[in-house]
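Heavy atoms only: backbone and side chains are in, while hydrogens, waters and symmetry mates are out. Please read all numbers here as calculations on a predicted model, not as lab measurements. Just so we're on the same page: letters track the sequence lines, and every chain starts at 1.
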Protein chains: 4
Amino acid sequence: MTETEPTPRWQRRADERPQEILDAALAVFVERGFAAARLEEVAKRAGVSKGTVYLYFSGKEDLLKALVQSAILPQLENIEALARDHSGSSRELLIKMVDAMWRGIALSPLSGIPKLMLSEAGNFPELARFFLEAVIQRHWALMRRVMEDGMERGEFRRLPSDLAVRIFIAPMMMAVFWKHSFMPLEEQPLDMARYFDVALEMSLASIAAQAANTLERKDS
Amino acid sequence: MTETEPTPRWQRRADERPQEILDAALAVFVERGFAAARLEEVAKRAGVSKGTVYLYFSGKEDLLKALVQSAILPQLENIEALARDHSGSSRELLIKMVDAMWRGIALSPLSGIPKLMLSEAGNFPELARFFLEAVIQRHWALMRRVMEDGMERGEFRRLPSDLAVRIFIAPMMMAVFWKHSFMPLEEQPLDMARYFDVALEMSLASIAAQAANTLERKDS
Amino acid sequence: MTETEPTPRWQRRADERPQEILDAALAVFVERGFAAARLEEVAKRAGVSKGTVYLYFSGKEDLLKALVQSAILPQLENIEALARDHSGSSRELLIKMVDAMWRGIALSPLSGIPKLMLSEAGNFPELARFFLEAVIQRHWALMRRVMEDGMERGEFRRLPSDLAVRIFIAPMMMAVFWKHSFMPLEEQPLDMARYFDVALEMSLASIAAQAANTLERKDS
Amino acid sequence: MTETEPTPRWQRRADERPQEILDAALAVFVERGFAAARLEEVAKRAGVSKGTVYLYFSGKEDLLKALVQSAILPQLENIEALARDHSGSSRELLIKMVDAMWRGIALSPLSGIPKLMLSEAGNFPELARFFLEAVIQRHWALMRRVMEDGMERGEFRRLPSDLAVRIFIAPMMMAVFWKHSFMPLEEQPLDMARYFDVALEMSLASIAAQAANTLERKDS
DNA sequence: AATGAATGAGGTTTCATTCAT
DNA sequence: TATGAATGAAACCTCATTCAT
């Protein structure tokens, strides 16, 4: 029992601990859902013991909140910064924004958070409301301004912008959900890169100014 | 409400019971997720006691399976019938099919099932695989044939049909998920009818033959 | 729904019902133990429905009590009658009594009752006390008198008769318990008839006054 | 009883816990039977909470299996060692073996296991078969060899050894069952020591070659 | 008299949380 | 700080009992 060697049995890693735990929690929550996720598995994936989780978080629910509240906002601010700094066509800005969202969220583990919130909205309405307002609606509002600008400029055709935004990014969101649900079961898993290319192109076509046989013009 | 007879403690309604329980289970599972759903609440919503559920289903998981396996397939067969019986343009058929899906699934409680499977795929991979193959991929295969027909005929532009199908119906699927997650939290809940009209129009625009600024023509 | 034919859907069988139910209950209780026995199985074996059991018995426990209180006593009275009517050696009487017990109890389904009481004594002390006093001790008292008579007469050697009785019939009791526990699992199930012959001979030898009369020497 | 320190809610005693739980389980199972035994009572007797049982055993049935598989075999090996090391008459060896069984099993809490298996054989046939083969038949086989040796040597009279063994130890087994069923209900509980002395003497007499050497005549 | 659908108390089991080490 | 044994509330599930038919 005498410990003569200065060998530390475990390494205090500055404080990456909380983040490691959050990362593990995200993975497990997304895979199993909040209720079915066992804290023991979160701990194991984070490489700590169950008790340690409670040193940094007050409980399972706190873990969920910390996850949701901290994770997406920086990405969103990123996207907002793009808009602030942009000069050029609305189309180009839209592409930039969607591209940032794709790379910053859809391709990263953060993509689990929308899936998680979608699943858990019924159990955590407060948290869901926060996510709805602070993330979703804020994101939509930003895109809406860009889209309306584009309409003003004649780059995009006139559409009800509140709906058009949702519809425009729906294919990207679907990919995010797909990734965390059925994709692991597909024999030939979806090629995300190809999907993004085609989805972006189709979404842009759906709002493009020219041509586009529209509801309004169907009798012309 | 005037009850002159001594109140019967229960009613015998064996024939309708299983469906009533399934309906209740769907509602609770969709709202809370499978793990967080309490069988007691399912029973209460079905107007029966906990024990009664076990007269018709062997357990909670069996309830989930019965739900998923029985519910959507008839709707899907509906849609397949449309395709069989159709004569006319591919565009018209596509509209018919999407419309049937919207009315038969999206607007009905059945819309909960895709949301439920999305959430639970990680916990019930076998069931999810069944749903993927028997419902999703079967639906996609059907739409894909229609879309490729339309491309042949020049109604739709050339797109990778496997991806185009997913992207085409993504806005409808998003509405289905939205309805069972954030919509109840919206101050001004989404107007599903307007959404459908715009989404259909935009989706059609995204595959329309003419105009549509494309990937190929981006330098023209 | 009009029943023109006089075909009765089930036959009212005088009142064998209660006894049929008791027989079924005995079989199930002995096989599974009281707690693990399901009333549904008792009903099924009796060829009635669960509800019918309650027409004749007030509940599961009542079934057990009725079983124990009614079943063995007649056999015991039988044996007591043998003693009353006997004239001859004590050894002969002892053999008659053991033989009656073997045929009347050990070889019949009644043999389940001692096994059942042995198992359930801890859960039903009152019932067990009844069985102990009304059956076991009464039986022992009778045998003890016979055995002491035989000692007086010099047929049996002097032994503490209270213990000698228990020991004398132990091999028969063991067969009873064996039959309802491990015997069905034996590759070569015990031959009860052979067992009885040898057991009786050995038991008699164990109390015989002088040199054991043996199987081999029975004609000497 | 003076408790100056704040009362600790529990003690950590991981190493002894499993055995303490098994001891408690044996007592409760034997008293009530497996099905009627409540895990809460097992836990209480072991001085732990319900949940703790599940730290060491995967469930109620596992507890039963662990109990049966671990407990008796060492005693049996003890007895087999006696036979290996013995030199002397078969009678002396037989006495040694029975004595070891009496002291090692009948007088210890282990005596509950045969009672338990007898009761539960119908519900756990696999476990019962294990017990039958690994314990009962193994024990009988050993005794049978000794008994046949004794017959060869003329110490015991010729008897069908397969049956003679069962009959020879029946009185000891009966005491084991008695102890865990009716003995606690007896006004004057059986004196086990006296019982053993008489039973052994009578059993020996039942197989003795010539005239039974008796309690009365041992000094003649 | 007989049925069996319905009930709900009571058991087993799980797992978030606590806390002695 | 870190651990993981211990806890106990809460869930699932069973089945004796009731009662409308």
F124(A) versus E61(A): any side-chain heavy-atom pair under 4.5 Å? yes
Measure from [atom1] on [X] to [atom2] on [N] and round the result to the nearest Å.
X       : N       : atom1 : atom2 : value
E40(B)  : dG10(E) : CD    : P     : 15 Å
I21(D)  : dA6(F)  : CD1   : C1'   : 11 Å
L64(D)  : dT12(E) : CG    : P     : 13 Å
F57(C)  : dT18(F) : CZ    : C1'   : 18 Å
R32(D)  : dT12(E) : CZ    : P     : 13 Å
F34(B)  : dA11(F) : CZ    : C1'   : 12 Å
N123(C) : dA16(F) : CG    : P     : 14 Å
E20(A)  : dA2(F)  : CD    : P     : 11 Å

Of all heavy-atom pairs between [X] and [Y], which one has the smallest distance, and what is that distance?
X      : Y       : value
Y56(A) : D15(A)  : CE2-OD2, 4.1 Å
V48(C) : R17(C)  : CG1-NE, 3.4 Å
A36(A) : N123(B) : CB-ND2, 3.8 Å
K60(D) : F34(D)  : NZ-O, 2.8 Å
V42(C) : I21(C)  : CG1-O, 4.0 Å
R32(A) : E41(A)  : CD-OE1, 4.3 Å

Under the 3.5 angstrom rule, does the side chain of K115(C) hit a backbone N or O of S181(C) as a donor-acceptor pair?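 No, the answer is negative, given that no donor and acceptor are paired below the 3.5 Å cut-off.
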According to a strict under-4.0 Å criterion, is Y56(D) in side-chain N/O contact with OP1 or OP2 of dA5(F)? no
Does R17(C) have a side-chain nitrogen or oxygen under 4.0 Å from the phosphate oxygens OP1 or OP2 of dA2(E)?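 Checking R17(C) against dA2(E): at least one side-chain N or O falls below 4.0 Å of OP1 or OP2.
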What does the list of N/O pairs under 3.5 Å between the protein and nucleotides 13-15 of chain F look like, with a distance for each?
from	atom 1	to	atom 2	distance (Å)
dC13(F)	OP2	Y54(B)	OH	2.6
dC13(F)	OP2	K60(B)	N	3.1
dC13(F)	O5'	Y54(B)	OH	3.2
dC13(F)	N4	K50(B)	NZ	2.9

Of A35(C) and V53(D), whose nearest nucleotide on DNA chain F comes first from the 5' end? V53(D)
For the salt bridge (Lys or Arg N to Asp or Glu O under 4.0 Å) test, which of E40(B), E20(B), E31(B) pairs with R45(B)?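 Between R45(B) and the candidates, salt bridge (Lys or Arg N to Asp or Glu O under 4.0 Å) is satisfied uniquely by E31(B).
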Pairs counted only when both distances fall under 3.5 Å, Watson-Crick or G-U: show me the 5' to 3' dot-bracket for DNA chain E, [ ] for pseudoknotted crossings and | for other-strand partners. .||||||||||||||||||||
